[in-house]
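Right, one structure below, let's go through it.
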Amino acid sequence: MTETEHERRYAAVVVAAGRGERAGSPEDGPKQYRLLGGRPVLRAALDPFLKDGRIGRIVVVTHKDDDALFQGVLSTIADKTRLVQVHGGATRQQSVLAGLNALESSDATHVLIHDAARPFLSASLIDRIDAAFAEGADAVLPAVAVPDTLKRASGGHVSSTVSREALFAAQTPQGFRFAPILQAHRRAAAEGRADFTDDCAIAEAVGVAVRIVEGDIANSKITTARDLEMANRLAEAAALPDIRTGNGYDVHRLVPGTGVTLCGIRLPHDQALSGHSDADVGLHALTDALLATCGAGDIGDHFPPSDEKWKGAASRVFVSHAVAIVAEAGGTIMNADISLIAEAPRIGPHRTAMREAMADMLGIDIERCSVKATTNEQLGFVGRREGIAAFATATVLYRRRQQ
Ligand code: CTP
Ligand code: MG
């Protein structure tokens, strides 16, 4: 064969017109539009084709009742120029033919036909199919060896054991030279044969040699509700963790007095912090940092200084409230760090007690709680002992919620 005969211009047909009856719960809609880690199954199935520069036109075959659902999928795709939508038929075979017909006027030499219900197709599997075509294959089937011992049974009783040697489970995408598969599909339709469950069977029926390449266990088809649940777990595990950081800042004025409360610990001092509550700048900054991780406003929104209820309140109440808000939003606190900026009193001797108090309030290990302190080198209001300031940072891991 010459180089030009090996030249391949790929198109893809992704069939998504099924009703997903075996996946159950019709009120949740067809399985290809259900969410996997926050993304519709069909969107995930299209992704490897959208990302693959070798593939030109991508035909998505949808059900006529699903136009609104499909618009939702389209809205998550920035570059739609290669996408074509057509409506499918009552059987998978008819849907594939509708997709192939839509490619008739394209310049595709090869086509990859894929189930929308397989959202875990890898780029390397497409590479293996392409490599087989490069070697001159006419049709390519990704398949996996059957791992289980197979039995033939009827009436609840085994009649024989089937050797699994030479048995493979067929996956998609199945690859074909475009013109012959279009012709084979049309012929099957013209002959009234509607019993083909995959496209290789149609190619086989007209004598096309189908080459097997190694499939991928992960590229399994979502058929039942249980498959969807398992796939969702996989997708969630693969999704980027939802880790959020919040910061907080607070300052309170120093007045004559007998002590200050910082990070939940009472320290004897010749001044006091003035404020509506116990004026614990460290815990106020921490409260804001926690609230910030879930967009829950700031301490003033939750505990208005105008409210008499909070007069003289121990600031751990504010922290506990923020902890509850974070937990309700699905967050797990990973760590928190408070920096105190004060000329006096000396914080060092009380650091461990402060960290213990934090650990207790936040419900996390002490090694995840940090308190640091610095003077302000006698500069500014802190340096003149007019006030104490605090910064805090909190990191929270949020569970992704089902939409
Ligand atoms: N398919 C299609 N048109 C049909 C039937 C199926 O495009 N008339 C598509 C499905 O959307 C799916 C793929 O073919 O992506 C494989 O079919 P299957 O897993 O059987 O999906 P459904 O037919 O939707 O499910 P069920 O058989 O459980 O109803
Ligand atoms: Mg089906």
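Just so you know, ligand 1 is whichever comes first in the structure, and atom 1 is the first atom listed for that ligand. It should be emphasised that the depicted structure is a prediction, and the values quoted were computed from it without experimental measurement.
Between the side chains of Q32 and D115, not a single donor N or O lies within less than 3.5 Å of an accepting N or O. Inspection of the T393 and D337 side chains reveals no N or O donor paired with an N or O acceptor under 3.5 Å. Side-chain contact check for D130 and Y10: at least one donor-acceptor pair (N or O, by modelled atom type) lies under 3.5 Å.
Panel note: side chain N376, backbone L379; a donor-acceptor pair is recorded below 3.5 Å. D298 places a side-chain N or O within donor-acceptor distance of the main-chain N or O of G300, the cut-off being under 3.5 Å.
In this structure the side chain of E135 reaches within 4.5 angstrom of the side chain of R211, judged on heavy atoms.
Listed by chain and residue number, the protein contacts of ligand 1 are V15, A16, A17, G18, R19, G20, E21, R22, K31, Q32, G89, A90, T91, R92, S95, D115, A116, A117, K221 (heavy atom within 4.0 angstrom).
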